[in-house]
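Here's the structure we're looking at; comments come further down.
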Amino acid sequence: MKVERVSPALGAEISNVNLVDVAHDAELFAEIKALWLKHKVLFFRDQDITPLEQQTFAECFGELDVHRLYPGLPEAPKILAIDIAGRPAISGSENMRSFENNWHSDTMSQPEPLKGAVLRCVTCPEVGGDTLWANMALAYETLPEHVKQQIEGLYARSSIEVAFCGGMAIEKRHETAAKNPPPEHPVVRTHPETGEKILYVCMGYVTSFTNWHTAQRVQYGQDMHERAHMLSYLASRVTIPEFQVRLRWRPNTVAMWDNRSTQHYASYDYGTQPRRMLRAGIKGDRPV
């Protein structure tokens with residue numbers, strides 16, 4: 001197995017390995033898991049595997065999630081098809097596109113967001129449709145010390161209604177929101193396996209801070225404006241190029257990322273060309 005870093009911030013390309021073998025080789029699994037935690041995003045080229053084999057590989061890392069709004073494949077029910085060019089999404093295909101090309105961490109609107117994900121390219125444009133990831137541990141580490149002090153112990157609310165329901169009729173949007181109450185997550189979470197502190201804020205899901213208004217943070221009415229400025233500032237950290245890695249897809253490329261310590265962005269710059277991806281989401285735990 002060959003390991004090649006692809007960005008100083010995060011990401012490594014792994015070659016000379018077949019993902020089908022991982023389920024039957026404990027040593028290989030342990031090695032890949034260690035690389036995953038270290039580099040946060042792993043890329044595997046030329047993985048001509050079936051959806052069920054992809055599902056089996058992902059299951060090595062934990063129980064898989066079933067998306068709350070979209071069904072899985074008949075032959076692999078834990079695999080979600082993301083077909084932006086033609087998929088009849090529940091919330092409207094245009095809304096699905098607008099969500100894809102936003103920085104986000106998957107399923108932040110759930111009390112226990114995904115631990116990670118395994119995404120395989122089936123069809124992609126000749127040019128365009130790249131995916132970017134950002135290292136949110138680095139985004140936190142490089143914050144000014146006075147900002148770290150301000151956000152210590154701060155919580156934010158995340159909403160599935162904001163993320164997915166903009167294209168729904170108002171009744172359906174309210175019904176979906178009622179079935180999925182928005183949870184609170186710490187603005188700075190601690191990775192349960194590496195111990196890293198991670199900036200856990202994204203505009204794709206987060207609607208507001210929930211405990212900003214304290215005597216320490218708000219002394220005069222105008223201080224309330226700082227709440228919006230702080231949310232915007234923290235969310236914008238993900239856009240710093242030095243924190244990022246970018247993948248140009250080819251068919252049978254697999255990307256596996258740690259959803260706890262990264263955010264990602266699927267670039268929608270390919271018009272109506274087909275782009276079909278298959279994703280397995282690995283269940284996580286409550287952020288602390």
Side-chain angles (χ1 to χ4, degrees), residues 7-11 37-41 99 101-116 132-163 177 180-245 257-265 284-288:
S7 164
L10 75 168
L37 293 175
K38 177 180 179 181
H39 297 288
K40 297 178 171 55
V41 189
F99 182 73
N101 57 318
N102 270 290
W103 283 104
H104 64 285
S105 176
D106 284 336
T107 67
M108 280 186 71
S109 60
Q110 297 181 16
E112 298 180 344
L114 293 184
K115 171 167 64 176
L132 297 84
W133 286 264
N135 181 340
M136 300 312 293
L138 188 57
Y140 172 79
E141 179 187 332
T142 53
L143 281 171
E145 286 302 320
H146 74 275
V147 175
K148 290 181 180 179
Q149 293 172 14
Q150 278 185 284
I151 64 177
E152 181 70 26
L154 194 60
Y155 281 77
R157 180 167 284 124
S158 297
S159 169
I160 197 171
E161 184 179 10
V162 168
N180 299 274
E184 290 186 12
H185 296 309
V187 168
V188 180
R189 68 176 296 182
T190 301
H191 196 290
E193 295 183 83
T194 68
E196 294 172 296
K197 288 190 174 296
I198 297 155
L199 184 60
Y200 201 57
V201 174
C202 76
M203 284 301 192
Y205 282 109
V206 171
T207 59
S208 62
F209 297 132
T210 54
N211 61 331
W212 175 268
H213 196 147
T214 65
Q216 291 73 34
R217 295 194 186 95
V218 180
Q219 310 212 1
Y220 303 98
Q222 65 182 17
D223 295 344
M224 293 300 289
H225 296 294
E226 294 183 10
R227 176 176 60 188
H229 293 321
M230 180 63 78
L231 179 57
S232 179
Y233 170 68
L234 295 177
S236 72
R237 301 284 290 171
V238 73
T239 65
I240 296 175
E242 287 81 0
F243 300 163
Q244 299 173 3
V245 67
W257 66 91
D258 189 329
N259 193 58
R260 300 162 292 191
S261 58
T262 66
Q263 289 186 35
H264 57 281
Y265 182 111
D285 49 20
R286 186 179 294 272
V288 296

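The first residue in the sequence is number 1, and the count goes up from there.
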> Who are the salt bridge (Lys or Arg N to Asp or Glu O under 4.0 Å) partners of Glu193, not counting sequence neighbours?
Replying inline: Lys33, Arg260

> If you take all heavy atoms of Cys202 and His104, which pair is closest and at what distance?
Replying inline: SG-CA, 3.8 Å

> Any sub-3.5 Å donor-acceptor pair from Gln244's side-chain atoms to Ala9's backbone N or O?
Replying inline: no

> Do Glu184 and Arg157 sit within salt-bridge range, that is, some charged N less than 4.0 Å from a carboxylate O?
Replying inline: yes

> Does the cation-pi check pass for Arg227 over Phe209, that is, NZ or CZ under 6.0 Å from the six-membered ring centre and within 45° of its axis?
Replying inline: no

>> I'd like to know if the side chain of Thr262 reaches the main chain of Ala134, judged simply by a donor and an acceptor atom lying under 3.5 Å from each other, with no hydrogens or angles considered.
In response: no

> Between Trp103 and His264, does the ring centroid distance fall short of 6.0 Å?
Replying inline: no

> Taking 4.0 angstrom as the limit, do Lys40 and Glu196 come out as a salt bridge?
Replying inline: yes

What side-chain donor-acceptor pairs closer than 3.5 Å can you find for residues 228-235, not counting sequence neighbours?
none

> side chain to side chain contact (heavy atoms under 4.5 Å, CB included) with Pro287: which of Arg189, Met108, His191?
Replying inline: Arg189

> Does a donor on one side chain and an acceptor on the other come within less than 3.5 Å for Thr142 and Arg237?
Replying inline: yes

>> Surrounding NZ of Lys148 (heavy atoms of other residues, nucleotides or ligands, distance under 6.0 Å), is the total greater than 12?
In response: yes

